[in-house]
Amino acid sequence: MSLRICFVTPFAWSQPHEVNVHVDGAAAALRRLGHEVTVLAPSSRARDLLAGRRALQRGAGEDVIAVGPSVPLSRRINMGVPVAVRANLRLALTLGRFDVVHGFEPGLPSLSYLALTSTHALTAATFFSVDRLGYPARRSRRDRLRTRIDALLATSPDTADAAAERFEGEYSIVPLGIDLELFKPGQKRELVVIELEAAGRQTTRALLRLLDGAPGWEAILLHTKPLGFRPAIPRRLRSRVHVRATRTASQRTDALAPAAVFVSAPGGEERLALEAAACEVALVDGEGEDVEREVERLVGEPDARATAGREARAQAETQSFDAVAAELDALYTKLARKRRVTRAEEHDPLAGRDWITIDLHLHTDWSHDCSIPAEDLLDHAEEIGLGGVAITDHNVFGGALESVELARSRDLVVIPGEEVKTDNQGEVIGLFLEEEIPRGMTFADTVAAIREQGGLVYLPHPFDRMHAIPDPATIHRHLPEIDVLEVYNARLLRDSFNDEALRFARKYRLLHGAGSDAHVLQGVGTGAVRMRRFEGPEEFLLSLRSAEILRRPKSLAYLQSLKWVAQVKERVR
């Protein structure tokens with residue numbers, strides 16, 4: 001199955017960066033599998049920005065699109081992404097009509113974070129470094145980002161563990177990726193390559209002293225970042241020791257292909273060590289206690305060097321970009337199955353039925369915080385033109401049963417339901433129930449209890465962070481069991497909570513529900529659904545496929561004050 005995939009990197013495409021190497025290599029490998037892959041990235045190169053503007057004017061269609069200039073990236077920098085760049089990003093995501101949007105290092109205030117939180121496509125996120133975690137600081141924003149990510153990936157177990165502390169969920173470990181055609185063994189020389197970082201200064205000096213006892217051996221000191229210090233090279237060794245930069249792939253291959261031993265720096269670049277392994281170089285961990293002894297052993301034992309080099313190459317072959325692409329291809333195919341298949345309007349079996357307006361979230365005086373008698377509620381519903389109501393009292397079923405009995409002589413559809421409080425994952429509404437479901441069970445057990453009665457699972461106000469709600473992992477885990485998602489609740493304090501629910505429902509093609517959540521008569525019908533008349537839960541779901549969400553908001557302060565007045569009167573009685 002060919003997919004339209006969008007990769008979003010926060011790092012300037014015009015500058016060498018380990019994350020961009022992964023993005024570029026994985027994108028090329030996925031294209032070889034038949035997928036269409038577009039990379040969105042910032043750039044500091046003028047010609048890239050010009051080409052990006054022209055691509056957006058033509059309607060995208062390029063392998064790489066620069067959507068704006070690069071900005072400083074750090075979780076300690078509060079600089080926002082410029083408005084023009086945000087607009088270009090949104091335009092590129094819209095024009096691309098992508099099946100999957102994959103953001104890299106979204107734990108930074110960057111294009112990746114914005115893309116994952118604004119797209120309607122399926123999403124994945126890959127984390128590379130523990131040092132780049134920490135954004136956003138507010139838990140509510142982290143939860144919002146986590147809810148919109150369908151698949152979590154990391155390039156190492158340590159990064160996955162650290163990322164899970166901020167973005168909970170199950171992480172897949174994906175290979176870092178290496179181009180095995182570019183990085184391959186060369187004609188070996190008696191050469192030790194040492195990754196040069198400030199943290200490894202003492203080790204570097206010790207290894208240089210080791211060269212005194214190894215005539216004929218040379219050393220290259222590689223630095224991946226601007227040098228914070230100049231290594232002190234003894235005069236007698238200067239002809240055999242060279243300092244080299246490793247910014248580009250050609251610089252790395254020139255240094256690593258002929259090398260016999262590679263010594264990584266403490267906290268050094270993981271990709272550099274992988275590239276050395278692909279070049280069949282014997283690896284030495286610079287953080288070990290016996291670094292000098294291990295290097296001395298390898299220098300003196302050619303067979304041991306050759307064996308260690310072959311083992312390193314074999315391990316590197318398991319982390320090729322083709323291996324990365326194979327794992328991503330399987331992941332994207334699995335994600336595509338999360339979206340539900342919609343039926344065309346012309347196949348609607350209820351096309352000849354009358355239209356009714358129904359409020360799917362209502363309470364009676366059986367709820368602890370409501371004082372509306374069931375009969376008054378039904379009378380008022382008919383007066384304002386509703387064709388149906390769903391009675392969903394808090395943790396009790398008596399109000400629903402009473403309403404069903406009262407509606408037998410009325411032309412009013414009444415759905416018996418209950419809004420059940422789970423142990424610590426918010427509330428779940430069961431529709432078309434037959435008996436009461438106890439509160440305090442787990443989310444999974446509550447859903448199972450609804451299913452046992454042949455009821456439907458209706459998830460109310462799923463992103464209302466002013467109240468207890470399911471965490472993102474719970475929602476994603478039970479996504480196949482959610483029959484209807486409430487995309488409009490008239491009592492929510494912020495419209496953004498409803499907007500987020502609508503975005504989520506559209507993304508997974510969930511059936512949309514709406515209700516007033518009214519606790520006073522004046523609020524009844526402020527949120528509702530216009531749908532074909534139905535009989536039973538099966539026809540209800542079919543009717544929702546062609547339904548229309550109705551928003552008739554009233555002042556929340558007004559409705560809440562009426563609720564408080566009613567509660568005070570009830571206590572006085």
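Note: hydrogens, waters and symmetry copies are ignored here, and every other heavy atom, side chains too, is used.
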*Parallel under 30°, tilted from 30 to 60°, perpendicular over 60°: which one fits the rings of H476 and F504?*
perpendicular

*G417 backbone acceptor or donor facing T392 side chain under 3.5 Å*: no

*Identify the heavy atoms of G399 and T364 that sit nearest to each other, and give their distance.*
CA-OG1, 3.8 Å

*Are more than 12 heavy atoms from other residues, nucleotides or ligands located less than 6.0 Å from atom CG of D495?*
no

*asked:* Donor-acceptor check, side chain of T422 to backbone of Q425, threshold 3.5 angstrom: yes or no?
replied: yes

*With no hydrogens and no angle check, is any side-chain donor or acceptor of R530 less than 3.5 Å from a backbone partner on L550?*
no

*So does R410 pair up with E382, basic N to acidic O under 4.0 Å?*
yes

*Around R465, counting heavy atoms of other residues, nucleotides and ligands shown, do more than 12 lie under 6.0 Å from its CZ?*
yes

_Between V396 and E436, is there a side-chain heavy-atom distance shorter than 4.5 Å?_
yes

*Qualifying residue for side-chain contact (heavy atoms from CB on, under 4.5 Å) with F534, from L541, I356, L544*: I356

*Return the minimal non-hydrogen interatomic distance between A374 and D365, and the atom names on each side.*
N-OD1, 4.4 Å

*If you measure from NE2 on H102 to CG on L30, what distance do you get to the nearest 0.5 Å?*
9.5 Å

*Euclidean distance, L521 CG relative to L362 CG, rounded to 0.5 Å*: 10.0 Å

*Check for a donor-acceptor pair, side chain of R353 on one end and backbone N or O of R533 on the other, with a separation under 3.5 Å.*
yes

*Determine yes or no for a side-chain-to-main-chain donor-acceptor pair under 3.5 angstrom, with E105 supplying the side chain and F128 the backbone.*
yes

*Can you name the closest pair of heavy atoms from V324 and G177 and give their distance?*
CG2-CA, 3.8 Å

*asked:* Run the side-chain contact (heavy atoms from CB on, under 4.5 Å) test on E500 and R148 for me, step by step, so that the C-alpha distance in whole Å, both residues' side-chain angles and the decisive distance to 0.1 Å come before the verdict.
replied: CA-CA 9 Å; E500 192 168 349; R148 298 180 184 180; 3.3 Å; yes

*asked:* How long is the straight-line distance from OG1 of T9 back to CG of L111, given to the nearest 0.5 Å?
replied: 8.5 Å

*asked:* What's the separation between atom OH in Y458 and atom CG in L511, rounded to the nearest 0.5 Å?
replied: 11.5 Å

*Is the closest side-chain heavy-atom distance between T155 and I173 below 4.5 Å?*
no

*Shortest non-hydrogen contact between D359 and V524, atoms and distance*: OD2-C, 4.0 Å

*Would you confirm whether E327, through its side chain, and P175, through its main-chain N or O, come within 3.5 Å as a donor-acceptor pair?*
no

*Can you name the nearest heavy-atom pair linking I469 to D464, along with the distance?*
CG2-O, 3.2 Å

*Any donor-acceptor pair under 3.5 Å linking the side chain of N395 with the backbone of K421?*
yes

*Any donor and acceptor pair, going by atom type alone, linking the side chain of T117 with main-chain N or O of L145 inside 3.5 Å?*
no

*Under the side-chain contact (heavy atoms from CB on, under 4.5 Å) rule, what do F463 and I475 come out as? Steps first, then yes or no, please.*
CA-CA 10 Å; F463 302 109; I475 294 179; 4.1 Å; yes

_For a 4.5 angstrom cut-off between non-hydrogen side-chain atoms, does I549 reach V529?_
yes

*Rounded distance [0.5 Å steps], CD1 in I391 versus CD1 in I429*: 11.0 Å

*Applying salt bridge (charged side-chain N to carboxylate O under 4.0 Å, His left out), run through E481 and R451 and close with a yes or a no.*
CA-CA 9 Å; E481 300 166 300; R451 293 287 192 203; 5.6 Å; no

*Got I437 and F397 here, is their nearest side-chain heavy-atom distance under 4.5 Å?*
no

_Ring centers of H361, H363 separated by less than 6.0 Å_ = yes

*For atom CD of Q453, is the number of surrounding heavy atoms from other residues, nucleotides or ligands below 6.0 Å larger than 12?*
yes

*Thinking salt bridges, do D471 and R477 make one under a 4.0 Å N-O criterion?*
no

*Look up atom CH2 in W355 and atom CE in M531, then write down how far apart they are to the nearest 0.5 Å.*
9.0 Å

